[in-house]
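Taking it in order: structure first as structure tokens, then the write-up.
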Amino acid sequence: MRKAITRDRIPGMSLAIATPEGILFTGADGYADLARRRPTTPQDQFPWFSMSKIATATAAVGLHAEGRLDLDAPIGSYLPKYSPHPRHGHPTTRHLLTHTAGLANPLPVRWVHPENEPPHPDFVHRTLARHGTPVKPVGAQGSYSNIGYLLAAEVIRAVTGRPIEDCVQDTVLGPLGMRSTGYRYDPAAPRAIGYVRMPTILRPGLRRLLPHDIVGPQTGGYTSLHPFLVNGAGYGGLVGTAGDAALLAAAHATAATDPHPVLQQQDIETMRRITIRGKRFDHGTGWFRRPEDASRSPGFVEHYGTGGGFWNAMRVYPEARLAIVAVANTTAAWQTDRFFTQLKGIPWNSPSF
């Protein structure tokens, strides 16, 4: 971890490794707050961004298993005001979860708001009115889209009569014991400060790019970001610890003989199964993998969670029943694959470890 931080110029990182039985390791290095020189700890909260999609997909698949949501029904069955494209088709919830709904993926750089301010009340409605109709044929090649998960959250709301935040809390976070994660910061727990490594001369441009009161002070070559929350809980709204993220990932690392507190094994295997080909990623349900990694052994699925100030990743090795999560307070991409491959080589499941 220290080598990765130094090599990739990361301020701080928190790491967690788990199996379906529970957490094997948590650790942290570097700084959660550069200005105060406060070290990162395993208890630090990080925005998860798109790693939240695994929780949303898990909730949706669970509702399908209960018979409450038909993943293969057109979403207009649940959202009567939805307008499908006359030529591109009418997506199902499964299309949304597998990124095959033919939707655009606008850059969500301004889809955040300061922690202590409410989101714009019409954000989801306005965004879906503008981007919620397919722009490409439904069911064709996979194409990653945050819009699909905004729509999936609306479908879940329609089915359950409850906000996505409450549904995920009751069906995913609670059963998995993820007590340090939610859709807001816990004011009593520590949190990592997000950083953008950039020359001072570019700060005015960053202020124009981001919503008001997000850009914070400069520390050395790093511009800090004030705490913020993501607009649109279903695609990227969770905030929590690496340890909790590892519990979620480990729930998808199960074998048939393991406990299944959230989903049955057949549903987990369906989510992990990569069947949709795409350009940047090949997709399962929630989980993805880069096309160039398809033949690697041991096999894995993963998901990233990236945005202003943070670059996170989670990976599941099903054959090893192992989940690895690293969260880092840097905007720049870093060598997660190299790091996870090195960590996988450690005999975590050995009694002598």
Side-chain angles (χ1 to χ4, degrees), residues 1-5 8 10 12-30 32 39-46 48 51-52 54-55 58 172-182 189-190 192 238-263 265 268-269 271-272 286-287 289 293 296-305 310-329 334-353:
M1 182 158 45
R2 182 159 298 171
K3 287 179 180 178
I5 286 173
D8 294 321
I10 299 169
M13 182 190 298
S14 183
L15 170 69
I17 298 170
T19 66
E21 286 86 1
I23 298 292
L24 297 178
F25 173 86
T26 60
D29 207 342
T40 313
T41 71
Q43 290 74 42
D44 272 301
Q45 303 167 92
F46 287 73
W48 285 16
M51 293 197 312
S52 306
I54 300 302
T58 301
V172 181
L173 308 187
L176 292 178
M178 298 167 59
R179 299 181 181 86
S180 300
T181 296
L238 283 171
V239 178
T241 62
D244 273 4
L247 290 176
L248 174 61
H252 289 264
T254 55
T257 55
D258 288 316
H260 296 82
V262 175
L263 296 177
Q265 186 65 22
I268 291 169
E269 291 178 2
M271 289 186 67
R272 295 189 313 220
W287 298 104
R289 185 178 57 220
D293 292 332
R296 287 176 58 178
S297 181
F300 59 83
V301 294
E302 59 188 354
H303 210 289
Y304 307 149
F310 301 90
W311 189 282
N312 315 316
M314 59 190 345
R315 180 176 289 186
V316 169
Y317 290 94
E319 292 181 11
R321 301 171 55 258
L322 190 71
I324 305 175
V325 173
V327 291
N329 55 348
W334 57 282
Q335 298 179 56
T336 55
D337 179 63
R338 177 178 177 179
F339 186 50
F340 285 173
T341 301
Q342 291 173 327
L343 290 169
K344 173 60 180 67
I346 298 173
W348 300 101
N349 290 316
S350 170
S352 62
F353 178 72

Test side chain to side chain contact (heavy atoms under 4.5 Å, CB included) on E269 and T254; report intermediate values, then the result. CA-CA 9 Å; E269 291 178 2; T254 55; over 6 Å; no
Distance from [X] atom [atom1] to [Y] atom [atom2], nearest 0.5 Å?
{"X": "W48", "Y": "I54", "atom1": "CH2", "atom2": "CD1", "result": "10.5 Å"}
{"X": "T58", "Y": "W287", "atom1": "OG1", "atom2": "CH2", "result": "8.0 Å"}
{"X": "F340", "Y": "I17", "atom1": "CZ", "atom2": "CD1", "result": "9.0 Å"}
{"X": "T341", "Y": "Y317", "atom1": "OG1", "atom2": "OH", "result": "4.5 Å"}
{"X": "I324", "Y": "L15", "atom1": "CD1", "atom2": "CG", "result": "7.5 Å"}
{"X": "Q335", "Y": "Q342", "atom1": "CD", "atom2": "CD", "result": "9.0 Å"}

Search all heavy atoms of [X] against all heavy atoms of [Y] and return the closest pair with its distance.
{"X": "A313", "Y": "T336", "answer": "CB-CG2, 4.0 Å"}
{"X": "F339", "Y": "A326", "answer": "CE2-CB, 4.1 Å"}
{"X": "T40", "Y": "A28", "answer": "O-CB, 3.3 Å"}
{"X": "W348", "Y": "L343", "answer": "NE1-O, 2.7 Å"}
{"X": "I268", "Y": "H252", "answer": "CG2-O, 3.7 Å"}
{"X": "T41", "Y": "S14", "answer": "O-OG, 3.8 Å"}

Hey, which of T19, D258, T257 is the one that makes side chain to side chain donor-acceptor pair (under 3.5 Å) with R321? D258
Once salt bridge (Lys or Arg N to Asp or Glu O under 4.0 Å) is applied, what residue pairs with a partner in residues 310-320 remain, sequence neighbours excluded? E302-R315, R315-D337
Given V327 and F310, is the side chain to side chain contact (heavy atoms under 4.5 Å, CB included) satisfied, shown in steps? CA-CA 7 Å; V327 291; F310 301 90; over 6 Å; no
Apply side chain to side chain contact (heavy atoms under 4.5 Å, CB included) to residues D44 and N329 and explain how you reach the verdict. CA-CA 11 Å; D44 272 301; N329 55 348; over 6 Å; no
Under 3.5 Å, sequence neighbours excluded: what are the donor-acceptor pairs made by side chains of residues 240-248?
unit_1	atom_1	unit_2	atom_2	d
T241	OG1	D244	N	3.1
D244	OD2	R179	N	3.4
D244	OD2	S180	N	2.8
D244	OD2	T181	N	3.1
D244	OD2	T181	OG1	2.9

Between M51 and L238, does the side chain to side chain contact (heavy atoms under 4.5 Å, CB included) criterion hold? Intermediate values first, please. CA-CA 8 Å; M51 293 197 312; L238 283 171; over 6 Å; no
Taking [X] for the side chain and [Y] for the main chain, is one N or O donor matched with an acceptor at less than 3.5 Å?
{"X": "W334", "Y": "W311", "answer": "yes"}
{"X": "N312", "Y": "Y304", "answer": "no"}
{"X": "Q43", "Y": "P190", "answer": "no"}

If we only count heavy atoms from C-beta on, is the L24 to L322 side-chain gap below 4.5 Å? yes
List for me each residue that meets side chain to side chain contact (heavy atoms under 4.5 Å, CB included) alongside P175, sequence neighbours excluded, and say none if there are none. V262
